[in-house]
Amino acid sequence: MFKELDPILHSQLRLAIMSLLISVKEAEFTFIREKTNATAGNLSVQVQKLKDAGYIEVIKQFKDNYPQTTCKVTPIGLKAFEDYVKALQQYLKV
Amino acid sequence: MANETKFSEQESLQLIAEMIKKAKGSYHDTGIGSLLWGGVVSIASLMNFLQRTYDFKLWFDIWWLVLAAIIPQVYISIKEKKIQKAKQYDDDLVNSVWLVFGISLFAMGFYQNIVPFQTEKLIAEEGWTLMKHFSDGRPDEVIRPFTPSLYSIYILFYAFPTMVTGLVKKFNPMKYGAIITYGLFLLSLFTESRFDMLLGSIAALVCWFIPGIILRRKYLAQTRSNV
């Protein structure tokens with residue numbers, strides 16, 4: 001029986017954010033925006049959804065008098081991402 | 001990128017692969033640190049070799065140049081930290097290796113300067129001294145104890161963090177530089193200490209300066225492509 005794909009991750013932008021964050025230890029909001037080509041508003045909403053699900057940690061601080069938002073994957077997020085990839089492999093019989 | 005667009009499983013996998021590739025390809029060292037240290041250590045070693053070969057002295061100890069390079073390095077590190085938007089998993093490991101390498105080099109400098117003096121003091125307390133005896137009848141000379149061919153150990157040290165960085169970052173120029181430097185270390189075991197300086201100069205070039213040029217080119221190419 002096929003495992004249902006996680007609806008939080010099975011969305012283009014949220015999956016792109018998670019895939020980026022999986023590859024690095026942490027990344028600034030501007031980095032994610034650059035790589036996904038998303039608008040700041042749209043990205044903020046999706047980052048918040050991932051944060052609410054406990055998949056990512058969002059750290060807001062000031063750097064040289066400018067606000068800086070840094071994101072990193074949590075252990076829950078890592079597990080969810082692994083499960084998502086496993087489910088995908090099941091679907092595709094990879 | 002659309003936020004809630006439904007897409008196929010195949011597209012999901014493609015997106016994951018594409019994003020991982022983008023994240024991995026997003027980071028390049030600026031190369032300035034490698035160029036700085038490669039240049040400074042190479043010049044200092046070469047100058048030391050020339051001073052000893054052509055018997056002249058500069059008005060300052062050339063190794064102070066290496067010490068002085070810490071100041072621009074601190075500035076470079078702060079500046080690079082500011083422009084770095086994503087932190088890789090292996091950054092902390094590589095930075096720690098270079099920090100330990102720096103501390104070890106300074107510790108070696110203390111060893112090199114303190115041990116001969118202390119040994120001379122200790123053997124004087126025991127009531128004997130080290131003498132150079134010439135077989136051609138020239139009068140004996142008192143000599144200060146020293147560690148023979150110590151620069152060979154420095155050359156060996158140069159290879160260590162370079163090899164670790166090359167292996168962790170999968171950066172072949174540093175791997176090859178370290179392998180060549182291990183060869184230079186072996187060669188230095190058979191050469192007199194003045195030539196060890198020349199080998200050390202080559203080691204700094206292959207370990208840091210040449211990889212620094214390659215890193216700088218990659219970084220500039222990436223910066224241009226981001227514009």
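Side chains are part of it too, since the values below use all heavy atoms of this structure and drop only hydrogens, waters and symmetry mates.
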Inset, instruction - For the pair B:Tyr151 and B:Tyr158, name the ring-plane relationship: parallel under 30°, tilted 30 to 60°, perpendicular over 60°. - result: perpendicular
Legend entry - Contact listing (chain A partner; residues 60-83 of chain B; heavy atom under 4.5 Å): B:Lys81, B:Lys82
Legend entry - B:Phe117, CZ atom: more than 12 neighbouring heavy atoms under 6.0 Å: no
Inset, instruction - Return the option, out of A:Ile32, A:Leu9, A:Thr30, A:Leu43, with the maximum number of heavy-atom pairs under 4.5 Å with chain B. - result: A:Thr30
Legend entry - Sequence neighbours excluded - side-chain hydrogen bond (donor to acceptor under 3.5 Å, both in side chains) pairs with any residue from residues 98-114 of chain B: B:Trp98-B:Thr165, B:Gln112-B:Tyr154
Inset, instruction - Consider only side-chain N and O atoms of B:Ser201 and B:Ser42, and report whether a donor and an acceptor are under 3.5 Å apart. - result: yes
Legend entry - salt bridge (charged side-chain N to carboxylate O under 4.0 Å, His left out): pairs with one or both residues in residues 194-216 of chain B, sequence neighbours excluded: B:Glu192-B:Arg194
Legend entry - Closest heavy-atom pair and its distance - A:Ser19, B:Met19: CB-CB, 3.5 Å
Inset, instruction - Please answer whether the main-chain N or O of A:Thr39 pairs with a side-chain N or O of A:Asn42 as donor and acceptor at a distance below 3.5 Å. - result: no
Legend entry - Interface residues of residues 68-84 of chain A facing chain B - non-hydrogen atoms under 4.5 Å apart: A:Phe81, A:Tyr84
Inset, instruction - Counting only heavy atoms closer than 4.5 Å, note whether B:Asp92 contacts chain A via side chain, backbone, both or neither. - result: side chain
Inset, instruction - Using modelled atom types only, decide if a donor and an acceptor are shared between the side chain of B:Ser188 and the backbone of B:Phe185 within a distance under 3.5 Å. - result: yes
Legend entry - Test applied, side chain to side chain contact (heavy atoms under 4.5 Å, CB included); reference residue, A:Leu50; option that passes from A:Ile17, A:Leu21, A:Val58: A:Ile17
Legend entry - Side-chain heavy atoms of B:Ser12 within contact of A:Leu15, under 4.5 Å: yes
